[in-house]
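So the structure is just underneath, and the comments pick up after that.
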Amino acid sequence: MVSETTINADSFTGLSPEDLMTLENKVQAERCRRSFFYFVQTMWASTIPEAPVWNWHIKYICHELQQVAERVFAREPKKYDLIINVPPGSTKSTICSVMFPIWVWVRDPVIRSLCSSYSGDLSLDLSVKSRDLMKTKKFTELFPDIRVRQDLDSKGYFGNTEGGRRYSTSTSGTATGMHGHFLIIDDPINPRGAISEAALKECKEWYDQTFSTRKIDKKVSVTLLIMQRLGLEDLTQHLLDKKNIKLKHICLPADMDGYEVKPEKLKKYYTNGLLDPVRLDRDVLDEAMANLGGLSYAGQFGQSPKRSEGNLFLENRAKIVTELPSPIERAVRYWDKAGTEGGTGAQTAGTLIAKLKNGQFAVLDC
């Protein structure tokens with residue numbers, strides 16, 4: 001990366017206001033080229049209506065993305081693919097899916113990015129925001145040579161006049177004929193789909209058999225997976241379980257109460273155990289816990305899809321017995337036929353549960 005340059009203000013003496021504005025734009029554009037985080041800061045007001053909260057993790061994620069991008073710009077073999085696990089509401093999509101595919105063009109305008117999310121509608125929405133960024137007054141002032149190509153200007157697939165492309169797809173999408181220097185996956189599955197074994201399996205098969213093959217150069221192209229954890233068998237775990245692939249795993253739970261931070265050195269940036277004490281303070285997290293329940297909270301906010309005390313049933317509150325401690329008041333057997341529309345349901349399952357006269361419940365048969 002190029003270092004910052006100090007400019008003597010005396011050099012500007014005698015310049016007209018128009019020349020000063022042009023020079024200021026050139027300096028700002030150069031700073032954007034040198035730093036992805038500076039680019040995000042510069043373009044924020046033109047792209048996002050909400051006021052920014054520059055928590056430390058935003059700069060860190062920008063730096064990590066730029067690290068892998070520098071090698072792609074130089075067409076050098078990648079050192080690793082990148083997995084970033086962060087909670088919802090942490091600006092991950094704005095950084096990774098909206099701004100990053102455009103910033104790489106200010107450094108290397110022929111770059112191609114394939115961007116995917118769990119649904120076609122979400123992918124299109126992120127693509128439109130990314131395209132709209134290029135058409136803002138701020139971007140066109142700083143980078144007048146990088147323009148949207150008029151004959152390649154659709155919601156899900158657009159390019160610039162220098163040859164760069166941004167193509168959007170979704171989990172289970174084909175991406176036929178498309179290849180990228182960057183393969184960006186932003187939340188490959190939604191919370192509802194994560195409870196289905198069939199949906200999880202489909203997601204992993206889509207990655208293995210379709211999306212992972214869409215690299216322009218197998219040695220250089222980089223996969224970026226950015227997601228909240230939703231299950232023990234999600235795409236993050238699928239990639240971590242693979243052998244002979246190099247990964248860097250960044251895991252940023254909303255709080256450190258029983259959850260693991262990766263790399264561990266990042267713990268020092270947490271404030272009172274919180275990742276973002278402004279947007280994700282204790283009140284926000286308590287409300288999320290109340291709404292989601294312990295298991296979903298552990299995945300989406302703790303980035304750990306398994307709670308230490310157990311998932312659906314708390315292990316410390318259950319025990320195996322040879323005799324029931326009280327007579328049965330009522331017993332019910334229920335069958336879940338896995339009839340989810342589209343064939344995404346889990347396996348058919350049946351359970352016989354009894355309510356005992358002492359108020360306890362017993363699982364008699366599964």
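We number each residue from 1, following the sequence as shown. Note: hydrogens, waters and symmetry copies are ignored here, and every other heavy atom, side chains too, is used. All figures in this text were calculated on a predicted structure; none of them were measured in a lab.
Put simply, the side chain of Thr136 never gets that close to the backbone of Ser46: no donor and acceptor are under 3.5 Å apart. Looking only at distances, no side-chain donor or acceptor of Asp125 sits under 3.5 Å from a matching main-chain atom of Asp121. No side-chain donor-acceptor contact under 3.5 Å links Arg166 to the backbone of Arg112. In this structure, Ser127 contributes its side chain and Lys155 its backbone to a donor-acceptor pair below 3.5 Å. Not one N or O on the side chain of Thr94 forms a donor-acceptor pair closer than 3.5 Å with the backbone of Thr91.
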Do Lys242 and Asp208 pass the salt bridge (charged side-chain N to carboxylate O under 4.0 Å, His left out) test, and can you show the C-alpha distance, the side-chain angles, and the key distance before you say yes or no? CA-CA 11 Å; Lys242 286 181 176 290; Asp208 288 342; 3.1 Å; yes
Can Phe182 and Phe100 be said to form a ring pair (Phe, Tyr, Trp, His ring centres under 6.0 Å), step by step? CA-CA 10 Å; Phe182 294 102; Phe100 182 73; 5.1 Å; yes
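Between Thr223 atom OG1 and Leu82 atom CG the span is 10.0 Å, to the nearest 0.5 Å. Put simply, CG on Leu280 and OG on Ser90 are 7.0 Å apart, with the number rounded to the nearest 0.5 Å. Atoms CG and CD, on Leu65 and Glu70 in that order, are 11.5 Å from each other to the nearest 0.5 Å. Taking OG of Ser326 as the start and CG of Asn358 as the end, the distance is 4.0 Å to the nearest 0.5 Å. In this structure, His249 NE2 and Thr236 OG1 are separated by 5.5 Å, a value rounded to the nearest 0.5 Å.
For the residue pair His181/Asp217, the side-chain donor-acceptor check at 3.5 Å is not satisfied. A donor atom on one side chain and an acceptor atom on the other are not found under 3.5 Å apart for Ser117 and Asp186. No side-chain N or O of Arg131 forms a donor-acceptor pair with one of Ser154 less than 3.5 Å apart. Side-chain atoms of Asn160 and Glu162 form no donor-acceptor pair, as typed in the model, at a separation below 3.5 Å.
In this structure Tyr157 satisfies the ring pair (Phe, Tyr, Trp, His ring centres under 6.0 Å) test together with Tyr167, sequence neighbours excluded.
The shortest side-chain heavy-atom distance between Asp187 and Ile226 does not fall under the 4.5 Å cut-off. Between Phe158 and Arg165, the closest side-chain pair of non-hydrogen atoms is not below 4.5 Å. In this structure the side chain of Gln303 never reaches within 4.5 angstrom of the side chain of Met227, judged on heavy atoms. Inter-residue side-chain proximity for Val222 and Leu183 is flagged as unmet; no heavy-atom pair is nearer than 4.5 Å. Looking at heavy atoms from C-beta onward, Leu252 lies in side-chain contact with Tyr270 at the 4.5 angstrom threshold. For the pair Trp103 and Gln66, the minimum side-chain heavy-atom distance is below 4.5 Å. You'll find the side chain of Ile250 stays beyond 4.5 Å of the side chain of Lys262, heavy atoms only. At a threshold of 4.5 Å between non-hydrogen side-chain atoms, the residues Tyr118 and Pro188 do not count as touching.
Taking the charged nitrogens against the carboxylate oxygens, Lys138 and Glu141 have no contact shorter than 4.0 Å, which rules out a salt bridge. Ion pairing of Asp108 with Arg75 is present here, as a side-chain N (NZ or NE/NH1/NH2) and a carboxylate O approach within less than 4.0 Å. Using a cut-off of 4.0 Å between Lys/Arg side-chain N and Asp/Glu carboxylate O, Lys248 and Glu64 are scored as salt-bridged. For the pair Asp153 and Lys135, the salt-bridge criterion is met [side-chain N within less than 4.0 Å of a carboxylate O]. For Lys129 and Asp132, the salt-bridge test fails: no basic side-chain N is under 4.0 Å from an acidic carboxylate O. Ion pairing of Asp241 with Lys204 is absent here, as no side-chain N (NZ or NE/NH1/NH2) approaches a carboxylate O to less than 4.0 Å. Ion pairing of Asp145 with Arg147 is absent here, as no side-chain N (NZ or NE/NH1/NH2) approaches a carboxylate O to less than 4.0 Å.
Within 6.0 Å of the NZ atom in Lys218, the count of heavy atoms belonging to other residues, nucleotides or ligands exceeds 12. Other residues, nucleotides and ligands contribute only 12 or fewer heavy atoms inside 6.0 Å of the CG atom of Asn244.
Each ring pair (Phe, Tyr, Trp, His ring centres under 6.0 Å) pair with one or both residues in residues 130-155, not counting sequence neighbours, appears once here: Phe139-Phe143.
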